[in-house]
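Encoded as structure tokens, the structure appears first; notes follow it.
Each residue takes its place number in the sequence, starting with 1. FYI, side chains are in, hydrogens and waters are out, and symmetry mates aren't considered; it's all heavy atoms of this structure.
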Amino acid sequence: MITTIAHRLGMGMFSVAVLFGVAGNLACQRDLARAARGDASPTPEVRRVKTTPVTRTQVEHVVTALGTLAPLEQATLRVKVPGRLQSIPVDLGTTVRPGQLVAQIEPDDYRLRVQQAAAALAQARARLGLPAEGSSDRVDPEQTGLVRQARAVLEQAQVERDRFQALLDQGIISRSQFDAADAAYKVALSRYQDALEEINNRLGILAQRRSELAIAQQQLDDTAVLAPFGGVVQERLGNIGEFLAAGSPVATILKLNPLRLRVEIPEREAYQIKPNQKVRVTVEGSDKAYTGIVKRLSPALLEQNRILIIEAEVSHDGSLKPGSFARAEIVTNDRETAVTVSPRAIVTFAGIDKVLTIRDGKALERPVTLGRRTAEWVEIVKGVQVGDEVILDPGNLQTGHPVVIAD
């Protein structure tokens, strides 16, 4: 094209050469300008990095399951005797100690019954010749006045009968006289037996009065409703001045520490669970982990869904609440080992996990398969081996980027 232009302009071959030189200079100038604008790729800067070795760590084998927290003990307290509610010194959220007063029925009527039963007992003791006050009701019937009198009459009648028997044998008295003495003896013997039976009857009445006093005292004691264990009041169910029938509820108490964790374990993992295994528990809304112990196992799997019901007891600082949905990790083996690295060495992009190693002074990306994870380590199931050095905090490093290990 330039030659054609040269002929048209009437130029010679020398002029054509000059045109080619000018065109070459223009091309070089364009290349230099492009380089000045940064169109050419510069050599990447060497990155200083820190590395950490892939190690084998002793880890725990756990069975993960979901469950629900429940109070260790829960009781709805009810009055045992009818009456008007005199006081109820607890309310929602009140902390109670074992034996603390929860509700009080008016005790006056029951106190009068105790006094009445005590008076009847004193009367029964007096009829046996015992002091009105005393805890021992032991009586020797032969030492009572009634029996001693009957025995004295019997002994006198026996003496008379024996004397009349001797006189009859000698022919001094008639048969009718002896028969009268014999009849008197038999009457005295019968009265002696009646005296013994009367004393035994009085002993029975004494025992009955003693039981009546104990019942009256128990009813008086039952006017006070006491906490059977330490816990927290979940609900108050009675009001002062209200007349309550026997069995009416007054409050519900929960024992909150430790809590009972109820968990369902699938059949494939059920045979790994044993009593006294450690359990780690977390709940929604909290990052804190709580420790518990497996305490109870169901003796059989449920036929409907082939699961095993277990219960663990979880101690806590008061922050856990019954009814919470919990995630449990049951440690079935704490002597297992695994290949692990620091969590700082893991990079995740587009759902792919990888670590970066160094080869010939350059970074090298290596996809890995992850397993269990804690705050201190991440298990590597596949991708690297024990002893490999991986880069910590690789950021945006990619394969081929030159790196140097920092001191």
Which heavy-atom pair separates [X] from [Y] by the least distance, and what is that distance?
X    : Y    : result
L77  : V225 : CB-CG1, 4.0 Å
R209 : A124 : CG-CB, 3.9 Å
A328 : V279 : CB-CG1, 3.9 Å
V331 : Q277 : O-CB, 3.7 Å
K50  : A406 : CG-CB, 4.5 Å
L297 : K274 : CD1-C, 4.3 Å

What's the spacing between [X] [atom1] and [Y] [atom2] if we round to 0.5 Å?
X    : Y    : atom1 : atom2 : answer
L146 : R202 : CG    : CZ    : 5.5 Å
T399 : R366 : OG1   : CZ    : 11.0 Å
T282 : L320 : OG1   : CG    : 10.0 Å
D353 : I346 : CG    : CD1   : 6.5 Å

For the backbone of [Y] and the side chain of [X], can you confirm whether one donor and one acceptor N or O come within less than 3.5 Å of each other?
X    : Y    : value
Q177 : S174 : yes
H316 : L256 : yes
E379 : R372 : yes
S286 : V283 : no
R236 : L92  : no

Side chains of [X] and [Y]: does their closest heavy-atom pair fall under 4.5 Å?
X    : Y    : value
V368 : V341 : no
E142 : L196 : yes
V232 : L254 : no
V339 : Q385 : no
V390 : T357 : yes
E197 : N201 : no
L154 : Y185 : yes
R260 : Q74  : no

Should the pair [X]-[Y] be classified as a salt bridge under the 4.0 Å nitrogen-to-oxygen rule?
X    : Y    : value
E311 : K295 : no
R296 : E313 : yes
R191 : D194 : no
R125 : D137 : yes
E73  : K255 : no

Other residues, nucleotides, ligands: >12 heavy atoms within 6.0 Å of [X] [atom1]:
X    : atom1 : result
E242 : CD    : yes
Q149 : CD    : no
Q272 : CD    : yes

Exercise for the section: For a salt bridge (Lys or Arg N to Asp or Glu O under 4.0 Å) with D182, tell me which candidate from R175, R161, R163 qualifies. Expected result: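 Option passing the salt bridge (Lys or Arg N to Asp or Glu O under 4.0 Å) with D182: R161.
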Exercise for the section: Using the side-chain hydrogen bond (donor to acceptor under 3.5 Å, both in side chains) rule, take Q104 and T223 through it: C-alpha gap first, then chi angles, then the decisive distance, then the call. Expected result: CA-CA 6 Å; Q104 176 68 58; T223 59; 3.1 Å; yes
